[in-house]
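Computed over heavy atoms, backbone and side chain alike; hydrogens, waters and symmetry mates excluded.
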Amino acid sequence: MKSASAAMSFIVLVLMAMPVCSLMAQHSPRQTITWQDTVREYLVHAPQNYSADRPLPLLFFFHGMGGDISRYEVFEDFQAIADRYGWLVVLPQALPAVVEFMGYPVDLGSMWNADLAVPLGDTVYRPNAEVDDAGFVLALIDSLSEVYPVDRDSLFVSGVSLGGFFTHRLAIDYTDHFTAAAAVSGYMATPLARRSPSRHFNMMHIHGTLDNVVRYDGYSEPLIGMTPLLLGIGVDSTIAYWVRQNDCDSVPVVDTLPDRVDDGLRFVRYTYLGRSDSARFQFIKVLGGEHEWYSDTLQHDVDYIAEIHRFFVGDSSFAPDIPTSGIVENGDNIVRVYPNPASDRVNVVLDHPVQMALLDVRGRQISHWNFPAGCSSVSLAGCQAGVYFLRDSQGHVAKLLVK
């Protein structure tokens, strides 16, 4: 017999499967765009004192299931990144999802169409499968470009929990629109594993080994007497997928990040380098990590946002070795460049104002600039495809690939 208690049990189980991040009151004004006859909402934060003649990298951050963008703690941390490095940061709002369970409509809260296919009994639930969230994101890029000087070669996506699932979907189904992506506590929905991105793509994934919400093995932690929900393909299969798709070395570069804080966690970074080009996959395994967003370096060894930003702009210490005629890269990330490889323009991120030279692989100077602190964009006109180096006046070097 159909019962309200059965429907309630299903609601509890699903909400246990993918809860939102910790929330706090925010007062950023919501903005709107009409997409497919539906008013869609988002928050946007532009860097302070940005210039209309300097292209802005654009970063989307996607909230978890049930998320409300007016009360999202993580957005504050991304705003700090925007102000420090000169990025445009956008937090879109997902639409409510309703599914029918045993004849009852069940409100699941806001959900992205991440191509989820969650089996429960004889039914496979696909929440918001009819919603074109990807189209909304692409339309939002066009809309923002009419207001801000958006750098179309520097479009990044990141998300947590269900937002992480959606991040994987954008990286696979809409590869050509984005530069790199980073998913936290949310892997691939099962249908995605049967598809492939249109090209090699820089992808990052972060996951805790003790996550009982989006479990490491692809399931949710079940309630007593209930069957766990199959959410996706799990972490190990997600790693294998991206290593294969990016034609990466099967053996990663492994480094355990410094254990400075007594938080019961260890952060181990696995970087899989591309064999045929510079595309890579990076995985940060959080030993003892739960379904949390670790962002305070005073309380934890790693700040997720800092690691994501470092991955997006390029970590030169993981670049493949090449002949350098005496030029040696510094693995200190003082000089950070993106996109890398670049074509027409490249962005240079610096903590301090310095003089910077562009050198070819033989060490000959091609160009020279005086850069302020923050993010600067320079033209690569006249540079043929190949390997170059950016070296500042203090001897710090970063490798740049021009395609």
Side-chain angles (χ1 to χ4, degrees), residues 20-21 23 26-36 38-52 54-64 67-95 110-114 131-171 173-174 177-184 186 204 293 295 304-305 308-309 311-313 338-339 347 375:
V20 299
C21 289
L23 304 176
Q26 296 291 320
H27 303 287
S28 301
R30 291 174 180 249
Q31 300 193 41
T32 62
I33 178 177
T34 300
W35 167 247
Q36 293 188 330
T38 302
V39 176
R40 301 298 301 263
E41 298 179 315
Y42 64 95
L43 301 180
V44 60
H45 182 80
Q48 299 175 358
N49 303 318
Y50 73 90
S51 173
R54 191 178 80 180
L56 295 176
L58 173 58
L59 169 62
F60 286 99
F61 180 75
F62 302 108
H63 61 72
D68 181 347
I69 61 175
S70 293
R71 301 184 298 115
Y72 223 69
E73 181 181 44
V74 175
F75 193 49
E76 276 197 341
D77 298 324
F78 276 105
Q79 288 173 335
I81 288 289
D83 290 334
R84 181 175 182 181
Y85 297 110
W87 288 44
L88 188 68
V89 180
V90 180
L91 179 60
Q93 175 69 56
L95 294 177
S110 59
M111 292 190 70
W112 299 107
N113 178 5
V131 176
D132 186 8
D133 281 322
F136 160 52
V137 172
L138 299 183
L140 194 49
I141 295 172
D142 291 336
S143 178
L144 291 166
S145 297
E146 296 177 358
V147 180
Y148 303 98
V150 173
D151 184 352
R152 294 281 186 147
D153 291 327
S154 300
L155 302 178
F156 304 92
V157 290
S158 183
V160 62
S161 194
L162 182 58
F165 282 81
F166 185 52
T167 296
H168 277 287
R169 187 191 173 196
L170 291 176
D173 288 348
Y174 298 87
H177 295 277
F178 302 104
T179 306
V184 177
M204 181 186 208
W293 180 277
S295 62
Y304 280 177
I305 293 175
I308 290 171
H309 178 262
F311 176 78
F312 283 166
V313 302
Y338 68 94
N347 299 294
C375 181

Chemist: Which pair of non-hydrogen atoms, one from Y148 and one from A46, has the smallest distance, and what is that distance?
Modeler: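 Closest approach of Y148 to A46: CE2-CB, 3.7 Å.
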Chemist: Please report the interatomic distance CZ(F156) to NE2(H309), rounded to the nearest 0.5 Å.
Modeler: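 So the gap between those two atoms works out to 8.0 Å.
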Chemist: Of the non-hydrogen atoms in S158 and I308, which two are nearest, and what is the gap between them?
Modeler: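 Nearest heavy atoms, S158 then I308: OG-CD1, 3.7 Å.
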Chemist: Which distance, rounded to the nearest 0.5 Å, do you find between the CD1 of I69 and the OH of Y42?
Modeler: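 Separation between the atoms: 10.0 Å.
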Chemist: With rounding to the nearest 0.5 Å, note down the distance linking CG in L43 to CD in Q31.
Modeler: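 Nearest 0.5 Å value for the CG-CD distance: 8.0 Å.
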Chemist: Can you confirm whether N113 sits close enough to D132 that some side-chain heavy atom of one is under 4.5 Å from a side-chain heavy atom of the other?
Modeler: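 N113 does not reach D132 side chain to side chain.
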Chemist: Does a side chain donor of either H63 or D68 reach within less than 3.5 Å of an acceptor in the other side chain?
Modeler: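 No, no side-chain donor-acceptor pair sits under 3.5 Å.
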Chemist: Can you find a pair of side-chain heavy atoms, one from F178 and one from I141, that are under 4.5 Å apart?
Modeler: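 The answer is yes; the side chains approach within 4.5 Å.
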Chemist: With a 4.5 Å cut-off on side-chain heavy atoms, are T179 and F312 touching?
Modeler: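 With C-beta onward as the side chain, the pair stays apart.
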Chemist: Quick one: closest heavy-atom pair of A181 and A171, and the distance?
Modeler: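 Result for this residue pair: CB-CB, 4.2 Å.
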Chemist: Test your reading of the model: is there a side-chain donor-acceptor pair from T167 to the backbone of G159, 3.5 Å cut-off?
Modeler: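 Yes, the answer is positive, given that a donor and an acceptor are paired below the 3.5 Å cut-off.
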Chemist: With a 4.5 Å limit on heavy-atom distance, are the side chains of V131 and Q36 in contact?
Modeler: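 No, every pair of side-chain atoms sits at 4.5 Å or beyond.
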Chemist: Is the ring centre of W293 less than 6.0 Å from the ring centre of Y304?
Modeler: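 Ring centroids of W293 and Y304 are less than 6.0 Å from each other.
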Chemist: Can you say whether the rings of F166 and F62 are parallel (under 30°), tilted (30 to 60°) or perpendicular (over 60°)?
Modeler: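 Answer is perpendicular, since the angle exceeds 60°.
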Chemist: Decide yes or no on side chain to side chain contact (heavy atoms under 4.5 Å, CB included) for L91 and H45, but give the supporting numbers first.
Modeler: CA-CA 9 Å; L91 179 60; H45 182 80; over 6 Å; no
Chemist: Answer yes or no: does atom CD of Q48 have more than 12 heavy-atom neighbours from other residues, nucleotides or ligands under 6.0 Å?
Modeler: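 No, because the 6.0 Å sphere around CD of Q48 holds 12 heavy atoms or fewer from other groups.
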Chemist: Within the side chain of Q93, is there an N or O that forms a donor-acceptor pair under 3.5 Å with the backbone of E41?
Modeler: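 Not at all, since once roles are kept as given, no pair shorter than 3.5 Å links the two residues.
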Chemist: For the CZ atom of F311 and the CE atom of M204, what is their distance to the nearest 0.5 Å?
Modeler: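 Output value for this atom pair is 6.5 Å.
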Chemist: Answer yes or no: is there a side-chain heavy-atom contact under 4.5 Å between L155 and F60?
Modeler: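 Sidechains of F60 and L155: no contact.
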Chemist: Considering non-hydrogen atoms only, spot the tightest contact between I33 and S143 and give its length.
Modeler: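 Distance-wise, the nearest heavy atoms are CD1-CB, 3.7 Å.
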Chemist: Please report the closest heavy-atom contact between M111 and D133, naming both atoms and the distance.
Modeler: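 Smallest heavy-atom distance, with atoms named: O-OD2, 4.0 Å.
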Chemist: Distance from R40 atom CZ to T32 atom OG1, nearest 0.5 Å?
Modeler: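 So the gap between those two atoms works out to 12.0 Å.
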Chemist: Taking the side chain as every heavy atom from C-beta outward, state whether S154 and W87 have any pair of such atoms under 4.5 Å apart.
Modeler: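 Contact flag for S154/W87 side chains = no.
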Chemist: With a 4.5 Å heavy-atom cut-off, do P47 and V89 have their side chains touching?
Modeler: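 With C-beta onward as the side chain, the pair stays apart.
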Chemist: To the nearest 0.5 Å, how far apart are CZ in F136 and CG in L95?
Modeler: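 So the CZ of F136 and the CG of L95 are separated by 8.0 Å.
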Chemist: Checking S145 side chain against V150 main chain: does a donor-acceptor pair fall under 3.5 Å?
Modeler: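 A pair under 3.5 Å: no.
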Chemist: With a 4.5 Å limit on heavy-atom distance, are the side chains of C375 and Y338 in contact?
Modeler: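 Yes, at least one pair of side-chain atoms sits under 4.5 Å.
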Chemist: If you look at every heavy atom in S161 and G64, which pair is closest and at what distance?
Modeler: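 The answer is CB-CA, 4.2 Å.
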